[in-house]
Amino acid sequence: MTNPFIVLFTFLLIFSTTNSVWSQATYVAERREMALFGTIDLSNEPNLKWSTARGAEPGFFSLYDDARFIQYSDRYSIDGYLKKVGNGAFTFPIGDGIELRTLEMSKPDRITDSYAAAWIGGDPGIHPDPTQPHAGLHPTRQVRSPIVSVSAIGQWDWLTGASGILGDQTTGTGAGIRITVSTPDLSRFADKNELRLVGWNGSSWVDLSGRPAASGNISNSKLTGTMIPGITAIGIGKIRSTQMVLFPNPVSDRSTIQLRVTTDYTGQAWLQIYNSIGQQLSSVSVNCVSGVNTFPISIGVLEAGTYVVELKDIGGDQLNATSQFIKL
């Protein structure tokens, strides 16, 4: 959106004594913005609905300086696009008018940085992201390892100042910003430790978390990741479900220890052993099948101590949380 026409509605009432804002009409049409300042209590008028157009050039509620929303909930949220200009940390209280799906961002670098977001419910492979530069469908199986699939519950449209859609002279690629979202119920999708925040880069969903980063897998759990440039939508992905058990553990009088792996991965993998200071001691090629696998690990040459075992796919991406054993 170039040179957006910012609309300050004449019926927007600003109360300087309470530093709060409320409006009798809260819809922003295509290619329009409503500029907001101060603290806006979304519950102040319980019958109001705050919404914007959701097309290729959506409308925006645009917050400047230290403006923020308070008292948001499932009932009181922004059904549409919310834009934030400035270098302060911010919470986007966005949703679909029925459920709140907040997106929190850490402090950007510049006062001219601008970011916008909206929650889009439904399968990203069926319900399109309407905005450029990567408008269209984002299939949930179009992923980059270690992500194996993305939740069909919904996605967050993510717009940056550097893309040009948020107006002239706005900046910001999102690089390094910490993003935390409020999740739907994901208990049927993945375990807590399998969840990852993911971003659409124009061709696939990529991992933004890099590690277990979810507080839970039920509704309103928190999931965190670190933004990278080029992301235009945010979703919830999962990694391969791989469980590892080492036995016997601890071990003292054996030259071999057994590794039992339960995984949905099929193909060549690398079984690697590291010492307690992170030095790789061995790397052995193994073949995994979906289900239960048992691999012997030779430990006869190892001295007494604690060791870490990792399993990586053919591309070098880790399949499991690290497991360790002790040699007495």
Side-chain angles (χ1 to χ4, degrees), residues 1-4 6 19 21 28 33-40 42 50 52 57-70 72 77-78 80-95 100-120 129-135 155-183 196-202 205-211 213 215 222-236:
M1 179 182 298
T2 304
N3 295 320
I6 299 178
N19 196 33
V21 180
V28 182
E33 295 186 30
M34 180 187 288
L36 300 174
F37 302 86
T39 299
I40 303 100
L42 285 177
W50 293 67
T52 75
E57 295 183 289
F60 293 98
F61 291 109
S62 299
L63 282 79
Y64 292 84
D65 301 328
D66 295 324
R68 64 190 181 112
F69 287 104
I70 61 172
Y72 43 82
S77 63
I78 305 299
Y81 283 81
L82 183 59
K83 171 182 170 183
K84 170 61 179 173
V85 180
N87 62 345
F90 187 70
T91 298
F92 294 82
I94 48 183
L100 175 71
R101 292 287 165 247
T102 59
L103 186 153
E104 304 169 35
M105 58 177 283
S106 63
K107 180 180 172 65
D109 292 330
R110 301 179 183 179
I111 194 69
T112 55
D113 281 357
S114 181
Y115 296 96
W119 167 253
I120 303 172
D129 173 351
T131 59
Q132 294 295 341
H134 301 309
Q155 63 185 316
W156 290 264
D157 195 2
W158 172 251
L159 308 175
T160 66
S163 70
I165 197 172
L166 298 182
D168 294 339
Q169 300 181 343
T170 58
T171 57
T173 65
I177 290 177
R178 294 289 289 171
I179 300 293
T180 301
V181 300
S182 172
T183 71
R196 299 291 187 272
L197 195 69
V198 295
W200 180 260
N201 66 3
W205 292 100
V206 298
D207 185 8
L208 300 179
S209 294
R211 58 179 179 80
S215 64
K222 299 292 186 180
L223 179 60
T224 300
T226 301
M227 186 55 63
I228 59 176
I231 297 301
T232 58
I234 298 169
I236 300 168

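Note that these values count all heavy atoms, side chains included, but never hydrogens, waters or copies made by symmetry.
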| Modelled atom types, side-chain donor and acceptor of Asp129 and Thr131, under 3.5 Å | yes

| Least distance between heavy atoms, Pro93 atom then Thr102 atom | CA-CG2, 4.2 Å

| note | Those residues at least two apart in sequence (or on a different chain) that pass side-chain hydrogen bond (donor to acceptor under 3.5 Å, both in side chains) with Trp200 are His138

| field | Validation row: Phe37, Ser62 side chains within 4.5 angstrom (heavy atoms) | value | no

| message | Are Phe61 and Glu33 packed together at the side-chain level, in the sense that at least one heavy-atom pair is separated by less than 4.5 angstrom? | response | no

| task | Please lay out, stage by stage, how Ile78 and Phe60 fare under the test side chain to side chain contact (heavy atoms under 4.5 Å, CB included). | result | CA-CA 10 Å; Ile78 305 299; Phe60 293 98; over 6 Å; no

| query | Mind checking whether Phe92 and Lys84 have side chains closer than 4.5 Å, heavy atoms only? | reply | yes

| If only atom types and distance count, is the side chain of Thr52 paired as donor or acceptor with the main-chain N or O of Gly80 below 3.5 Å? | no

| query | Is there a donor in the side chain of Thr173 and an acceptor in the side chain of Thr160, or the other way round, less than 3.5 Å apart? | reply | no

| task | Please examine the side chains of Gln155 and Ile120, heavy atoms only from C-beta on, and report whether any two atoms are closer than 4.5 Å. | result | yes

Solution key, residues 222-229 side-chain donor-acceptor pairs under 3.5 Å, sequence neighbours excluded:
residue: Lys222; atom: NZ; partner: Glu104; partner atom: OE2; Å: 3.0
residue: Thr224; atom: OG1; partner: Thr180; partner atom: OG1; Å: 3.0
residue: Thr226; atom: OG1; partner: Arg178; partner atom: NH1; Å: 2.5

| Do you know the tightest heavy-atom contact between Leu42 and Ser77? | CD1-CA, 4.1 Å

| request: For Ala67 and Phe90, work out which heavy atoms get closest and say how close. | output: O-CE1, 3.7 Å

| note | Scanning both residues in full, the closest heavy-atom pair of Asp113 with Pro108 reads OD2-CB, 3.5 Å

| Side-chain touch Asp157/Trp119, heavy atoms, less than 4.5 angstrom | no

| Can you check whether Leu36 reaches Tyr64 side chain to side chain, under 4.5 Å on heavy atoms? | no

| said: Taking the side chain as everything from C-beta on, heavy atoms only, tell me whether Leu82 gets closer than 4.5 Å to Trp50. | reply: no

| Is there a donor-acceptor pair under 3.5 Å between the side chain of Arg196 and the backbone N or O of Ile236? | no

| query | Taking the six-membered ring for Trp, are the ring centroids of Trp158 and Tyr115 within less than 6.0 Å of each other? | reply | yes

| Is any side-chain heavy atom of Asn87 closer than 4.5 Å to a side-chain heavy atom of Lys107? | yes

| request: Without swapping roles, check the side chain of Lys83 against the backbone of Leu63 for a donor-acceptor pair under 3.5 Å. | output: no

